[in-house]
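First comes the structure, then the notes that go with it.
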Amino acid sequence: MNEHSTGTTETPDDASPQQTWELRLYVAGATPKCLAAFARLKKMCEENIPGQYHIEVIDLLQSPQLAEGDEIVAIPTLVRQLPTPIRKIIGDLSNTERTLVGLQIRPMSPTIQE
């Protein structure tokens with residue numbers, strides 16, 4: 001499972017360039033949990049930052065050495081490379097609101113503050 005997904009939309013000539021979200025999803029093979037995490041992530045990006053993201057899926061079964069660079073200790077793990085600062089979310093991304101807040105795509109709402 002070595003996939004790249006880029007959301008693209010056309011930007012009008014007079015619009016300022018949009019910020020691109022560089023996301024890495026670390027998985028271990030094509031397990032149901034990893035496939036679900038990828039599907040959820042892609043859906044979240046399309047609904048919240050369409051055309052402004054790039055997802056790189058890194059299969060640690062094929063390239064285990066890549067885990068060291070981002071200090072991956074569990075899978076699936078999502079790493080937001082850009083915009084900085086780097087943010088990490090561990091798990092299957094099933095809680096959409098927490099994932100969006102964790103990535104700082106959406107501000108924290110009063111209902112999920114701890």
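Residue-environment remark: CD (Gln65) exceeds the threshold of 12 foreign heavy atoms within 6.0 Å.
Residues Gly29 and Asp59 approach most closely at N-OD1, 3.0 Å, considering heavy atoms. Between Ile75 and Cys34, the closest heavy-atom pair is CD1-SG, 4.4 Å. Across Cys45 and Leu23, no two heavy atoms sit closer than the pair SG-CD1, 3.6 Å.
Residues meeting the side-chain contact (heavy atoms from CB on, under 4.5 Å) test with Ala67, sequence neighbours left out: Leu60, Ile72. Residues passing the side-chain contact (heavy atoms from CB on, under 4.5 Å) test with Thr20 are Glu22, sequence neighbours excluded. When the salt bridge (charged side-chain N to carboxylate O under 4.0 Å, His left out) test is applied to Lys33, no partner is found at least two apart in sequence or on another chain. Applying the side-chain hydrogen bond (donor to acceptor under 3.5 Å, both in side chains) test to Arg40 and every residue at least two apart in sequence or in another chain returns nothing.
A salt bridge links Lys43 to Glu47: one of the charged nitrogens lies within less than 4.0 Å of a carboxylate oxygen.
Side-chain contact check for Phe38 versus Ile55: some heavy-atom pair is nearer than 4.5 Å. Proximity of Ile49 to Ile105: side-chain heavy atoms (C-beta onward) are separated by under 4.5 Å at one or more points. Side chains of Glu97 and Thr99 form no contact here, defined as non-hydrogen atoms less than 4.5 Å apart.
Here CG of Leu103 is found 5.0 Å from CG of Leu78. Values are rounded to the nearest 0.5 Å. In this structure, CZ in Arg24 is found 14.0 Å from CG in Leu41, a value given to the nearest 0.5 Å. Here the CE atom belonging to Met44 is positioned 12.5 Å from the CH2 atom belonging to Trp21, to the nearest 0.5 angstrom.
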For residues 81-93, dump all side-chain donor-acceptor pairs below 3.5 Å to protein atoms at least two apart in sequence or in another chain.
from	atom 1	to	atom 2	distance (Å)
Arg87	NE	Gly102	O	2.8
Arg87	NH2	Gly102	O	3.0
Lys88	NZ	Asp70	O	2.4
Asp92	OD1	Ser94	N	3.1
Asp92	OD1	Ser94	OG	2.9

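In this structure, Ile58 is not a member of the same hydrophobic cluster as Leu61, with clusters built from ILVMFWY side-chain heavy atoms closer than 4.5 Å.
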